[in-house]
Amino acid sequence: MADLEQWAVAHGQQAFRGRQLHDWLYARGVRSLSDVSVLPKAWREQLQAAPPPAGDWIGRLPLLQSSCAADGTAKLLLGTADGLSLETVGIPSGDRLTVCVSSQVGCPMACRFCATGKGGLQRSLALHEIVDQVLSVREFMERRPSHVVFMGMGEPLLNIEAVLAAIACLCTDLGMAQRQITVSTVGVPRTLPTLAERALATLGRAQFTLAVSLHAPDQALREELIPTAHAYPIEELLEDCRHYVALTGRRVSFEYILLGGVNDQPRHAAALARLLRGFQSHVNLIPYNPIEEEDFQRPSPAAVEAFRLALAERHIAVSVRASRGLDRDAACGQLRRGFSPLNAPGSGAG
Ligand code: SAH
């Protein structure tokens, strides 16, 4: 709001013009200055006289394509100004509408089970490109999103400033609460303290949920699944998580993908419980969603339940994440397909 007021004044207008524009951008979701009829027409024309990037324009991303799954999950493909495309998913569930946002186009982390990781990184997303995903889901589903999870394409801890700026914008401009927001990371060395410190500095507090993709109870198996873990020993990752909890006062949750026969055996559950003993945390089990490039197996519902029970019996807080949007490739780790020719190599689709 303050930025828009300043911007209006810098353009020879009164500050309230900035407040009006704020209302039309965030409450009404306008996509073009031409549509902001509350502003003087002559001024709007003057602003738009020069074409982007020289003039002033609303940098909304066009919706290139959409698909809806039988369970109501909607996947949107948005286009960037430089010709890339990114995906965002709206997941309705009762009163909730969760938006799964991308923080990068593609991802450099190359986790073996993840479709996004197969294509490498195109680039990190800017603040407006992250917020746009939430506005686009709101527009498409004609509902106010209640929750945002940074679990789409990309590694948020490689784009900390834009992610935090987006959280600030979602809270101040769209009226969300930090507690409705989750940032998921596979872990990047030396970035968790930065995330905590920068969150406290820029947001005043860090109340969003940090979810860490653990996926294995020991270093050797973790490295097999997540090659980048080689540079980040699991003990160090957990130490950083404890430090994060101390800095922010917030619990951490751990994501654990279940890959049939690989990390879902009773001994893995026992080792995971030992690893997390005494750590105020929550484990979220994610049954693997098959991707084309790998032949991991999705475990049976009975195997998932057995793993959950083995943790619960050892007093680990644990839940199983419901798979949504499976029939439309909107499930975790699958944001990379189904949009040809738009997802030709290099376009960065999903
Ligand atoms: N880069 C971040 C956030 C994006 S992925 C991270 O790794 O946490 C969000 C979650 O989906 C992660 O826990 C990730 O490991 C998981 N995931 C990736 N591919 C998957 C797949 N094929 N099936 C199930 N979960 C998957």
Side-chain angles (χ1 to χ4, degrees), residues 73 75 86-89 91 98-121 124-125 130 133 147-160 162-163 166 181-189 191-192 195 208-216 221-229 232 237 240-241 244 252-260 262-264 281-299 304 307 319-326 328-338 350:
T73 299
K75 184 165 80 162
L86 60 107
E87 290 187 18
T88 186
V89 185
I91 309 160
T98 301
V99 186
C100 179
V101 298
S102 298
S103 55
Q104 299 184 307
V105 180
C107 185
M109 302 307 282
C111 301
R112 275 185 58 204
F113 45 79
C114 176
T116 304
K118 302 296 173 195
L121 174 71
S124 284
L125 292 173
I130 298 174
Q133 299 172 53
H147 293 72
V148 168
V149 293
F150 284 82
M151 294 186 186
M153 303 163 68
E155 173 44 55
L157 266 64
L158 293 175
N159 193 16
I160 290 178
V163 165
I181 299 173
T182 298
V183 175
S184 175
T185 177
V186 73
V188 178
T191 56
L192 278 174
L195 179 70
F208 55 84
T209 299
L210 176 70
V212 175
S213 297
L214 199 57
H215 300 335
L221 182 54
R222 192 162 192 270
E223 265 184 52
E224 251 176 61
L225 304 174
I226 305 167
T228 56
Y232 201 5
L237 171 63
D240 283 348
C241 290
Y244 185 90
V252 172
S253 69
F254 292 103
E255 293 158 282
Y256 192 100
I257 189 172
L258 286 171
L259 303 161
V262 175
N263 68 350
D264 69 339
S281 60
H282 179 99
V283 175
N284 203 214
L285 302 173
I286 319 173
Y288 169 63
N289 295 310
I291 65 168
E292 247 164 42
E293 298 89 339
E294 297 282 344
D295 50 9
F296 290 120
Q297 298 301 310
R298 184 179 172 89
V304 173
F307 199 92
S319 55
V320 178
R321 183 176 304 162
S323 292
R324 304 287 308 270
L326 272 180
R328 287 288 174 184
D329 290 335
C332 291
Q334 298 196 334
L335 295 179
R336 190 169 163 255
R337 48 170 75 151

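Residue numbers count from 1 along this sequence. Atoms within each ligand, like the ligands themselves, are counted from 1 in listed order.
Not a single heavy atom of C107 sits less than 4.0 Å from an atom of ligand 1. Proximity of M109 to ligand 1 is not established, as no heavy-atom distance is less than 4.0 Å. Within the structure, ligand 1 lacks S323 among the residues with a heavy atom less than 4.0 angstrom away. Residue contact annotation: F296 has no non-hydrogen atom under 4.0 Å from ligand 1.
Taking every non-hydrogen atom of S213 and a distance limit under 4.0 Å, the qualifying atoms of ligand 1 come out as 6 (C), 7 (O), 8 (O), 12 (C), 13 (O), 15 (O). Here is the list of ligand 1 atoms found below 4.0 Å of a heavy atom in I291: 22 (N). Interface atoms of ligand 1 facing G154, defined by a heavy-atom separation under 4.0 Å, are 1 (N), 2 (C), 3 (C), 4 (C). Annotation for ligand 1: atoms under 4.0 Å from non-hydrogen atoms of E155 are 1 (N), 2 (C). Contact atoms of ligand 1 toward G152: 4 (C) (distance under 4.0 Å to a heavy atom of the residue). Of all atoms in ligand 1, numbered sequentially from 1 with element shown, those under 4.0 Å from a heavy atom of H215 are 13 (O), 14 (C), 15 (O). Which parts of ligand 1 touch I286 is read off a 4.0 Å heavy-atom cut-off, strictly below it: atoms 13 (O), 24 (C), 25 (N). When each atom of ligand 1 is checked for a heavy atom of F150 under 4.0 Å away, the hits are 3 (C).
No part of V212 comes within 4.0 Å of ligand 1, judged by heavy-atom distances.
Looking at every heavy atom in both residues, V304 comes nearest to L285 through O-CD1, 4.4 Å. Between T191 and V188, the closest heavy-atom pair is OG1-O, 2.6 Å. When every heavy atom of G154 is checked against every heavy atom of T116, the shortest pair comes out as N-CG2, 4.2 Å. Of all the heavy atoms in S102 and I130, the pair that sits closest is O-CG1, 3.9 Å.
Between M151 and ligand 1, a contact under 3.5 Å exists for no N or O pair. Annotation: N289 places an N or O atom under 3.5 Å from an N or O atom of ligand 1; distance criterion only. Polar contact with ligand 1: present for F113 (N/O pair, distance under 3.5 Å). The distance criterion of under 3.5 Å between nitrogen or oxygen atoms is met by E255 with respect to ligand 1.
Side chain of R222 to main chain of L214: a donor-acceptor pair is present (N/O by atom type, distance under 3.5 Å, no hydrogens or angles). Side chain of T88 to main chain of C100: a donor-acceptor pair is present (N/O by atom type, distance under 3.5 Å, no hydrogens or angles).
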Checklist entry - How far apart are the C-alpha atoms of Y288 and D264, what are their side-chain angles, what is the distance that settles it, and do they pass the side-chain hydrogen bond (donor to acceptor under 3.5 Å, both in side chains) test? => result CA-CA 11 Å; Y288 169 63; D264 69 339; over 6 Å; no
Next on the checklist: For a side-chain contact (heavy atoms from CB on, under 4.5 Å) check, start with the C-alpha distance between H215 and E255, then their side-chain angles and the critical distance, and finish with the verdict.
Outcome noted: CA-CA 6 Å; H215 300 335; E255 293 158 282; 4.2 Å; yes
Checklist entry - Can you check side-chain contact (heavy atoms from CB on, under 4.5 Å) on L158 and M109, steps first, answer last? => result CA-CA 10 Å; L158 293 175; M109 302 307 282; 3.9 Å; yes
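In this structure, of L158, V186, I257, the residue bringing a heavy atom nearest to atom 26 (C) of ligand 1 is I257.
Y244 and F208 have tilted rings, their planes meeting at an angle from 30° to 60° on a 0 to 90° scale.
Looking at E155 and S103, their side chains never bring a donor and an acceptor atom within 3.5 Å of each other.
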